[in-house]
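Below: one structure, written as structure tokens.
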Amino acid sequence: MAEIDPLEITPEHVYLSRRRFLTGVGATVASIVLFGGCDGPEPAPPSDDWCQSAQVGADTDELGDPLTPCEDIISYNNFYEFTTDKQKVALLAQDFRTSPWNVEVGGLVRKPRTVSMDELLQRYPQEERIYRLRCVEAWSMVIPWLGFPLASLLEDVEPTGKARYVRFETLYDPEQMPGQKNRTYDWPYVEGLRLDEAMHKLTILATGIYGRPLLPQDGAPIRLVVPWKYGFKSIKSVVRIDLVEEMPVSLWMATARHEYGFYGNVNPDIPHPRWSQSSERRIGELRRRPTLPLNGYADEVAHLYEGMDPKELF
Ligand code: MTE
């Protein structure tokens, strides 16, 4: 059966208008094909040999699961600034200018700074972190990132006592990013973390995969990676980081708040309003596998949420 990309992350108003259309033509079966499952199409092979020189320090994550092939990581992407078609992101993003690139770090800090990529790479030693990435759409990968703890950068700018959250912003440049001409979304892409989540040792700013600098489709030149949260929190191509007092409103909260909350913690027991989160398809595998609480990082991060209602943490 030919699979149609379900675009599970589609906001509800778009989804509802599609449903109305489908209902209108009495296409119940078609609606099950479109929205009944979370499996996307098989990744397309990449067009070049970028992965030939991939380097990595280990073959598995700490649970013994194999790394997702490099070819899949660079050819099956969510990056709505370019397109909602996962297999076309790489092509549409190939000329994206990632140099020169600066990240402005400010807000409630004593030492605001604008840091160039060169400075970031020189100042913060890059380490390999092999993390599972669990998309809210119920597919997942195991990715060998290169990067450094976000905490190192935040400590350097000295957050004031008032800072409680961190707000991140992706570049806004519709000329380069044609998806930003789509007014369905309130660009630029914004994400946020609580300050203690941002300071956690697992939270990194990634600059590479498989030992090489990031490609545009994966969020070059620098992106956030928060492995216990759904992938939408791991914002790509970051240009601004602000320490703030109030909980930031992310692009997804602004689009469909009841579907994509602020926390976005991976939880197999809390279904998305339109599909189950209890299992996932690991890219490259045929069978679905159970989704782990906090994506398998509960021992490290569950204490951050002690006493909170899990329903607040979706
Ligand atoms: N960041 C920006 N700026 N724009 C996006 O569309 N998609 C998110 C996240 N970061 C997205 C983004 C989603 S939904 C996922 S699952 C991951 O990026 C996918 O990362 P990958 O394509 O490198 O696997």
Side-chain angles (χ1 to χ4, degrees), residues 1-11 14-15 17-18 21 30 33-52 54 68-99 133-141 143 170-189 191 206 208-210 212-225 230-238 251-252 255-256 260 275 280-285:
M1 183 178 70
E3 281 187 294
I4 300 167
D5 188 343
L7 289 180
E8 297 293 359
I9 210 160
T10 311
V14 179
Y15 163 76
S17 64
R18 286 188 196 155
F21 167 73
V33 173
L34 277 170
F35 306 110
C38 295
D39 288 354
E42 283 302 316
S47 54
D48 63 24
D49 57 2
W50 191 85
C51 290
Q52 295 296 315
T68 300
C70 173
E71 288 80 0
D72 292 345
I73 300 173
I74 67 169
S75 63
Y76 187 74
N77 300 100
N78 269 336
F79 203 165
Y80 275 30
E81 282 86 339
F82 292 97
T83 170
T84 53
D85 182 337
K86 293 178 181 34
Q87 292 173 96
K88 293 205 177 118
V89 176
L91 185 67
L92 286 171
Q94 64 183 345
D95 296 325
F96 183 53
R97 285 188 301 277
T98 57
S99 174
L133 176 94
R134 168 58 158 84
C135 181
V136 72
E137 299 164 335
W139 54 266
S140 63
M141 299 190 185
I143 302 182
T170 296
L171 179 70
Y172 179 70
D173 185 352
E175 289 315 308
Q176 287 203 79
M177 298 169 130
Q180 288 180 333
K181 292 179 181 156
N182 175 353
R183 307 300 282 270
T184 309
Y185 303 101
D186 190 10
W187 307 107
Y189 199 103
E191 262 307 337
I209 60 160
Y210 269 104
R212 301 194 59 184
L214 285 176
L215 284 170
Q217 59 265 38
D218 285 303
I222 187 163
R223 70 175 293 175
L224 183 69
V225 179
Y230 291 119
F232 65 85
K233 299 293 296 180
S234 291
I235 178 174
K236 296 178 169 183
S237 305
V238 170
L251 174 134
W252 287 112
T255 309
Y260 310 103
W275 59 87
E280 65 201 58
R281 188 175 69 105
R282 181 66 49 85
I283 297 299
E285 293 180 359

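- Annotation: salt bridge (charged side-chain N to carboxylate O under 4.0 Å, His left out) contacts of Lys233 (sequence neighbours excluded): Glu191.
- In this structure the side chain of Thr68 never reaches within 4.5 angstrom of the side chain of Tyr76, judged on heavy atoms.
- Counting heavy-atom neighbours within 6.0 Å of Asn182 CG, excluding the residue itself, gives a total above 12.
- Between the OG atom in Ser75 and the CG atom in Leu215 there is a gap of 10.5 Å [rounded to 0.5 Å].
- Nearest heavy-atom pair across Met141 and Asp72 is CE-O, 3.9 Å.
- Nearest heavy-atom pair, Val136 versus Tyr230, reported as atom, atom and distance to 0.1 Å: CA-CD2, 3.7 Å.
- Between Leu171 and Gln180 the shortest heavy-atom distance is O-NE2, 3.0 Å.
- Arg282 meets the salt bridge (charged side-chain N to carboxylate O under 4.0 Å, His left out) test with Asp65, Glu280; sequence neighbours excluded.
- With values rounded to the nearest 0.5 angstrom, Asp218 atom CG is found 12.5 Å from Arg212 atom CZ.
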Q | Evaluation steps, side chain to side chain donor-acceptor pair (under 3.5 Å), between Asp85 and Thr83 | A | CA-CA 5 Å; Asp85 182 337; Thr83 170; 5.4 Å; no
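- A search for ring pair (Phe, Tyr, Trp, His ring centres under 6.0 Å) contacts involving Phe79 returns Phe82, not counting sequence neighbours.
- Remark: side-chain polar atoms of Thr170 are paired, donor with acceptor, to backbone N or O of Lys236 under 3.5 angstrom.
- Of the possible polar contacts, none joining the Gln176 side chain to the Phe96 backbone as a donor-acceptor pair under 3.5 Å is found.
- A 4.5 Å side-chain heavy-atom check between Tyr210 and Ile74 finds every atom pair outside the cut-off.
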Q: List the steps and the verdict of side chain to side chain donor-acceptor pair (under 3.5 Å) for Gln52 and Asp49.
A: CA-CA 5 Å; Gln52 295 296 315; Asp49 57 2; 6.0 Å; no
Q: Begin from the C-alpha positions of Leu214 and Ile222 and carry the test side chain to side chain contact (heavy atoms under 4.5 Å, CB included) through to its verdict.
A: CA-CA 8 Å; Leu214 285 176; Ile222 187 163; 5.8 Å; no
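- Residues passing the side chain to side chain contact (heavy atoms under 4.5 Å, CB included) test with Ala90, sequence neighbours excluded: Gln217.
- Looking at residues two or more places apart in sequence or on another chain, you find a side chain to side chain donor-acceptor pair (under 3.5 Å) between Tyr189 and Trp252.
- To the nearest 0.5 Å, atom CD1 of residue Ile283 and atom CD1 of residue Ile143 are 10.0 Å apart.
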(Q) Go through it in stages, so that I can follow the logic: the residues are Trp187 and Tyr80, the test is side chain to side chain contact (heavy atoms under 4.5 Å, CB included), and I'd like the CA-CA distance, side-chain angles, deciding distance and then a yes or no. (A) CA-CA 10 Å; Trp187 307 107; Tyr80 275 30; 3.7 Å; yes
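- Note that OG of Ser237 is 12.0 Å distant from CG of Leu224, once rounded to the nearest 0.5 Å.
- Ser140 places no side-chain N or O within 3.5 Å of a backbone atom of Leu133 that could act as its donor or acceptor partner.
- Listed here is the closest heavy atom pair of Pro188 and Leu251: O-CD1, 4.1 Å.
- For Glu81, there are no salt bridge (charged side-chain N to carboxylate O under 4.0 Å, His left out) partners two or more places apart in sequence or in a different chain.
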